[in-house]
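One structure is given below, encoded as structure tokens.
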2 protein chains.
Amino acid sequence: MNADRTSAGDPARTLELLWRRGMDESPRRGPRPRLTIERVVRTAIEIADGEGLDAVTMRRLAAALGVAPMTLYCYVPSRTELIDLMLDEVYLRMPRTEIRGEDWRSGLKRIADENRALYRSHPWAAEVATSRPPLGPGQMAKYEHELLALDGIGLDDVTMDSALGLVVGFVRANAREAVEAESARRDSGVSDREWWDANAPLLAERVTPSSYPIATRVGSAAGEAYDAAVSPDAAYEFGIQRILDGIQPLVDGRARS
Amino acid sequence: MNADRTSAGDPARTLELLWRRGMDESPRRGPRPRLTIERVVRTAIEIADGEGLDAVTMRRLAAALGVAPMTLYCYVPSRTELIDLMLDEVYLRMPRTEIRGEDWRSGLKRIADENRALYRSHPWAAEVATSRPPLGPGQMAKYEHELLALDGIGLDDVTMDSALGLVVGFVRANAREAVEAESARRDSGVSDREWWDANAPLLAERVTPSSYPIATRVGSAAGEAYDAAVSPDAAYEFGIQRILDGIQPLVDGRARS
DNA sequence: AGGTATAGTGTACTACGTACGGTGAAGTGG
DNA sequence: CCACTTCACCGTACGTAGTACACTATACCT
């Protein structure tokens, strides 16, 4: 997986970049910068949106900006930090509609849909590892906004965080599946159906209803229901409803264990 | 992300490798092979277990086996297919205890725990993209075994597949978080606590209770409850209980939408 | 006008997967 | 017993990454 890691550089520098401080446009010595961090990040996002995160190489991005690859390092400490900046930027751009009088279930479903919309516009965002999230204004605004949907419904603070994490984690994992499916398509040049049609007859020689009775029965039923082996869209609707149903008892105060 | 993709080579060859056909030990021309696929795959798994999937490079694996890098291509068409073989192999090794008279909830929880145990032993397995899963004996046996826990409790076939997918998908996503956290630790040489201690004071300058009231309140509560910003262990227990609670209405036949 | 901080860049290093073509050993047919 | 065939093995090399380092050129300050 070329899962891209989170930054390892100087925290102070990274946070300054994220919060756009030190960006005081005082008349400084030396030549005028030809680019801005904003433009670098924006262009990187455009490339990632169109061609995936792997396409955002320093050389490719530099070419898109009309500069030499090494020039980017004047604006960004490393590719890893660039990705953090990209992620916080798309978080920041998310529309945050506040709805008064919304019940918790609608609110949480809306949060899930908002995240889903994010990953539809920016599939690469689902690929980024977030065990150490970008501590920028986008991340913070997103967290604050999402917690609002869970505030005041009787959950304690830790449970609020857990419930939100479960929901957004699910949406992200679901989006990752979709990205991986798309990557497989792109890398191999073979569509899901072609892949399955090539494998199915060969697989049928080894996997028979007598040796795998339930798997063959359920697998073929599921394969017919969706078009391919796995369908992120169907999995999303199913999963989010189950998760909301699972949070219900917490709100009602009659959850298990 | 170095999310590793699924194979793109010849399906017939890949399936033969997975099911270990064409392995007829007829006395063939030419020098005796010094290795076996089994040994290659086993060694690769050992490296991945100890040092992560990224450490499984063709050169590293070849060195561990005492051969030249290119020699591996006599046994495996590409690194991608090797990873498929590794994955199917660890699937195949999973213990499959069948318990009679188990209620569905215990059964599904057991399935989740079995998957969790897999990812504890082989964290790298969570990293592998499975939108086109390895169609080998391990994958099939695992699927068959897991479906058994959901069979005969009144769910239709498609719903059985969806419910199972939700559970194992959750466990895998949770394991991925853990892998990513570990990678971040390893790559940066900075522990979670050190990372947080370095960032917290700088973040506090930008994130105040007045600007982000709920986020600061809930974030600090959650941060105190677990040790770090994110705790996969706590998230697992919380998440799996919510998901089981969410499947309950399906079994009872009173689910939403 | 001269000094200096800084934007921009060319070159090069490491590490990766793997294509290609050569080499030598094991078995077969005469 | 010998030549021929087949195949395991591998040395070299290519293309693609990120980025360290040293150098050049520019624009401001004194």
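In the text below, chain A, chain B and the rest are named by the order of the sequence lines, each starting its count at 1.
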Without decimals, in angstroms, what is the distance between [X] [atom1] and [N] [atom2]?
X: A:I37; N: C:dA7; atom1: CD1; atom2: C1'; value: 14 Å
X: B:D187; N: D:dG18; atom1: CG; atom2: P; value: 15 Å
X: A:R39; N: C:dA7; atom1: CZ; atom2: P; value: 16 Å
X: B:R60; N: C:dA15; atom1: CZ; atom2: C1'; value: 14 Å
X: B:L61; N: C:dC16; atom1: CG; atom2: P; value: 12 Å
X: B:E81; N: C:dG17; atom1: CD; atom2: P; value: 14 Å
X: A:M58; N: D:dA20; atom1: CE; atom2: C1'; value: 13 Å
X: B:L53; N: C:dG17; atom1: CG; atom2: P; value: 10 Å

Tell me whether the rings of A:F170 and A:Y236 are parallel (<30°), tilted (30 to 60°) or perpendicular (>60°). parallel
Sorted by chain and residue number, the salt bridge (Lys or Arg N to Asp or Glu O under 4.0 Å) partners of B:E182 (sequence neighbours excluded) come out as B:R185
I'd like to know if A:R176 and B:E180 make a salt bridge, using a cut-off of under 4.0 Å between side-chain N and carboxylate O. yes
So, does A:R172 use its side chain to make a donor-acceptor pair with the main chain of A:E127 at under 3.5 Å? no
Quickly, which of B:E146, B:E144, B:H145 forms a side-chain hydrogen bond (donor to acceptor under 3.5 Å, both in side chains) with B:K142? Name it, please. B:E146
Within the 4.0 Å limit for protein heavy atoms, which parts of nucleotides 5-15 of chain D are touched? Write it as a string from 5' to 3', B for base, S for sugar-phosphate only, - for none. BBBSBBBB---
Where the side chain of B:Y73 is concerned, which of C:dT18, D:dG18, D:dT19 is the nearest nucleotide? C:dT18
Hey, what do you get for CG (A:L61) to CG (A:L72), rounding to the nearest 0.5 Å? 5.0 Å
